[in-house]
Amino acid sequence: IDPTTQKVIIPPAFESLDPFIRNLGIAKKSGKYGVVDMQGKTLLDFQFEEIRFLAANGHHKYDTGSDSLTEKMLARKPPEDVRLKLIYEQQINQAPYFIEVTKAGKKGLYTWNGKTIIPCGKYKNIQFHYYKGKSFFLVDSELKSGIVDETGTEILPVQYTFNDSYQYSKEAVQNEFDLANRFIVFSEGKEEGSIALKIGLFDLDQNEIIFAAHEQYITLLNHRFFLLRKLIADYNYEFLLYDIKQRKLRKLGADITDVHVVNDSFLQIETKEGVYQLTTFDGTKIYANPSWKVEGNYHLIRFLNYN
């Protein structure tokens, strides 16, 4: 009922009616759940065991209270890292919501206007991944996983696995949320007798695999470059640098054993002889000094202090 006009908006026809969010509410009739709008019109029929409203990152939306809470926290002028995180959460809250349904124990996904994205039962699990104003869905079936976009199209076939492998690092850009969420690491498991996983990387911006699965370590150095430490054989690795902007992969020298980033502008390279070099990202040598040497493999600090 509208308390200002005393007009009945939705007749009492439901066993339950949840608070409305963005003009939609979850209602229950004859023991089943459906979705109605604020005029009482049915958007999704009453055939589901459970319905949840989800934000663009997959968080359950009970009401609109979190939106105003974010505004209040921003008004308090929090530290810069907190402010950036709140702005990002605000961006997520302003993005389209989704409707998750459960029928016969199987889940499905709809857009906010009731269009099917993922039919019930097509995949066993659906996990949200938010990137740059869009939602992507990490889905799995028969112990294999893939990626589906908002149209329901598989952009990465369901033949991999996903995990937070220690072999992939994006720590250097953890506060640059769009960049950090742009890439998804996937795995093809392990070779027999191997300790490390065969991992690869999918680029949501280019909609393609940029690094095929291999026993390797992948580090997002900054907004421009990836470093790959790729197993060749018998614990020998080759180092490669990937330019995100130019989409080019370049092999570093064959005698390299370790690489660090210096001030986001240079590479500090350690050679097999234990000598350090300072180079630009394009490979130009800036400085090398034979007195810069490793002082043993078990020291806690093995690289130079710089300023």
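Keep in mind that this is a model prediction, so the values were computed, not measured. Residues: numbered from 1 along the sequence shown.
The aromatic ring centres of Phe46 and Phe14 sit less than 6.0 Å apart. When ring centroids are compared, Tyr110 and Phe98 stay outside the 6.0 Å threshold. Taking the six-membered ring where the residue is Trp, the centroids of Phe177 and Tyr88 are separated by under 6.0 Å.
Side-chain atoms of Glu15 come within 3.5 Å of backbone N or O of Ser30 as a donor-acceptor pair. The backbone N or O of His223 lies less than 3.5 Å from no partner atom in the side chain of Glu176, so there is not a single donor-acceptor pair. Side-chain N or O atoms of Thr153 include none that pairs as donor or acceptor with a backbone N or O of Ile155 at under 3.5 Å. Judged by distance alone, the side chain of Thr116 and the main-chain N or O of Ile118 form no donor-acceptor pair under 3.5 Å. The main-chain N or O of Arg224 is found under 3.5 Å from a side-chain atom of Asn222 such that the two form a donor-acceptor pair. Using a distance-only test at 3.5 Å, with no hydrogens or angles considered, a donor-acceptor pair links the side chain of His214 to the main chain of Leu231. Gln167 places a side-chain N or O within donor-acceptor distance of the main-chain N or O of Leu197, the cut-off being under 3.5 Å. Panel note: side chain Arg250, backbone Phe281; a donor-acceptor pair is recorded below 3.5 Å. Proximity of a side-chain donor or acceptor of Thr102 to a complementary backbone N or O of Lys106 within less than 3.5 Å is not detected. Looking at Asn263, its side chain never comes within 3.5 Å of a backbone N or O of Ser265 through a donor-acceptor pair.
No continuous path of ILVMFWY side-chain contacts below 4.5 Å connects Leu240 to Leu252, so the two sit in separate hydrophobic clusters. The hydrophobic clustering, which links ILVMFWY residues whose side-chain heavy atoms are closer than 4.5 Å, places Leu249 and Leu227 apart. Tracing side-chain contacts under 4.5 Å through hydrophobic residues (I, L, V, M, F, W, Y), one never reaches Phe136 starting from Val158; they form parts of separate clusters. Under the 4.5 Å side-chain contact rule for hydrophobic residues, Ile199 and Ile244 share a cluster. Following chains of ILVMFWY side-chain contacts shorter than 4.5 Å, one cannot reach Leu54 starting from Ile99, and the two form parts of different hydrophobic clusters.
Proximity of Val261 to Phe266: side-chain heavy atoms (C-beta onward) are nowhere separated by under 4.5 Å. Here the side chains of Asp258 and Thr271 are not in contact, with every heavy-atom distance at 4.5 Å or above. Ile147 has its side chain out of reach of Tyr160: every pair of non-hydrogen atoms, C-beta onward, lies at least 4.5 Å apart. Between Asp149 and Lys134 there is no side-chain heavy-atom pair separated by less than 4.5 Å. Side-chain contact check for Phe202 versus Asn207: some heavy-atom pair is nearer than 4.5 Å. Two residues are said to be in side-chain contact when any heavy atoms from C-beta on lie closer than 4.5 Å; Ile209 and Phe186 meet this criterion. Here the side chains of His260 and Leu267 are not in contact, with every heavy-atom distance at 4.5 Å or above. A 4.5 Å side-chain heavy-atom check between Val101 and Lys107 finds every atom pair outside the cut-off.
Judged as a side-chain hydrogen bond (donor to acceptor under 3.5 Å, both in side chains), and not counting sequence neighbours, Gln127 has no contacts.
Under the 3.5 Å distance criterion, with hydrogens and angles disregarded, no donor-acceptor pair is assigned to the side chains of Lys132 and Asn181. Using modelled atom types, one finds no donor on one side chain facing an acceptor on the other under 3.5 Å when comparing Lys285 with Thr279.
Atom CG of Leu143 is surrounded by 12 or fewer heavy atoms from other residues, nucleotides or ligands within 6.0 Å. Within 6.0 Å of atom CD in Glu142, 12 or fewer heavy atoms from other residues, nucleotides or ligands are found, so the atom counts as exposed in its surroundings. In Glu191, the CD atom is not crowded: 12 or fewer heavy atoms of neighbouring residues, nucleotides or ligands sit closer than 6.0 Å. Heavy-atom neighbours of Gln6 CD from other residues, nucleotides or ligands within 6.0 Å: above the threshold of 12. Atom CD1 of Ile9 has more than 12 heavy atoms from other residues, nucleotides or ligands within 6.0 Å.
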### Message
Please evaluate residues Tyr33 and Glu50 with respect to the criterion side-chain contact (heavy atoms from CB on, under 4.5 Å), reporting the C-alpha separation (whole Å), side-chain torsions for both, the decisive distance (0.1 Å), and the verdict.
### Response
CA-CA 6 Å; Tyr33 291 94; Glu50 185 183 3; 5.5 Å; no
### Query
Do Tyr276 and Ile269 pass the side-chain contact (heavy atoms from CB on, under 4.5 Å) test, and can you show the C-alpha distance, the side-chain angles, and the key distance before you say yes or no?
CA-CA 5 Å; Tyr276 289 102; Ile269 293 173; over 6 Å; no
### Stepwise side-chain contact (heavy atoms from CB on, under 4.5 Å) test for Ile256 and Glu270
CA-CA 6 Å; Ile256 291 173; Glu270 180 186 332; over 6 Å; no
#### Entry: Glu89/Lys85 under side-chain contact (heavy atoms from CB on, under 4.5 Å): CA gap, chis, key distance, verdict
CA-CA 6 Å; Glu89 289 176 356; Lys85 187 169 175 36; 3.5 Å; yes
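Of the candidates Tyr168, Phe226, Tyr242, Phe211, Phe183 forms a ring-ring contact (aromatic ring centres under 6.0 Å, His included) with just one, namely Phe226. Between Ser145 and the options Asp140, Leu138, Val139, a side chain to side chain contact (heavy atoms under 4.5 Å, CB included) holds for only Asp140. Each of Tyr130, Phe128, Tyr123, Tyr131 was compared with Phe137 under the ring-ring contact (aromatic ring centres under 6.0 Å, His included) criterion, and only Phe128 meets it.
Closest approach of Gln91 and Asp178 over heavy atoms only: NE2-OD1, 4.4 Å. Here the shortest heavy-atom pairing between Ala56 and Ala95 reads CB-CB, 3.7 Å. The nearest pair of heavy atoms linking Val262 to Gln268 is CG2-CB, 3.6 Å. Across all their heavy atoms, Ala288 and Gln277 have their closest contact at CB-CG, 4.0 Å. Residue Pro78 comes nearest to Leu86 through the heavy atom pair CG-CD1, 3.9 Å, listed as atom of the first residue, atom of the second, then distance. Taking each heavy atom of Leu204 and His129 in turn, the nearest pair found is CD1-CD2, 3.6 Å.
Residues Lys198 and Glu215 are not paired through a salt bridge, judged by the lack of any N-O separation under 4.0 Å between the basic side chain and the carboxylate. We find that Glu238 and Lys251 are joined by a salt bridge, their nearest charged nitrogen and carboxylate oxygen being less than 4.0 Å apart. Of the charged side-chain nitrogens involved, none lies within less than 4.0 Å of a carboxylate oxygen, so that Lys103 and Glu49 do not count as a salt-bridged pair. A salt bridge links Asp203 with Arg182: at least one charged nitrogen is closer than 4.0 Å to a carboxylate oxygen. One finds a salt bridge joining Glu208 and Arg247 here, because a Lys/Arg side-chain nitrogen approaches an Asp/Glu carboxylate oxygen to under 4.0 Å.
Atoms CD1 and OG1, on Ile117 and Thr111 in that order, are 5.5 Å from each other to the nearest 0.5 Å. Residue Gln174 holds its CD atom at 9.0 Å from OG of Ser169, rounded to the nearest 0.5 Å. Here the CZ-OG1 distance, from Arg229 to Thr257, works out to 10.0 Å after rounding to the nearest 0.5 Å. Atom-to-atom distance recorded for Phe53:CZ and Tyr62:OH is 13.0 Å, nearest 0.5 angstrom. For the atom pair CG of Leu228 and CD1 of Ile210, the computed distance is 8.5 Å after rounding to the nearest 0.5 Å.
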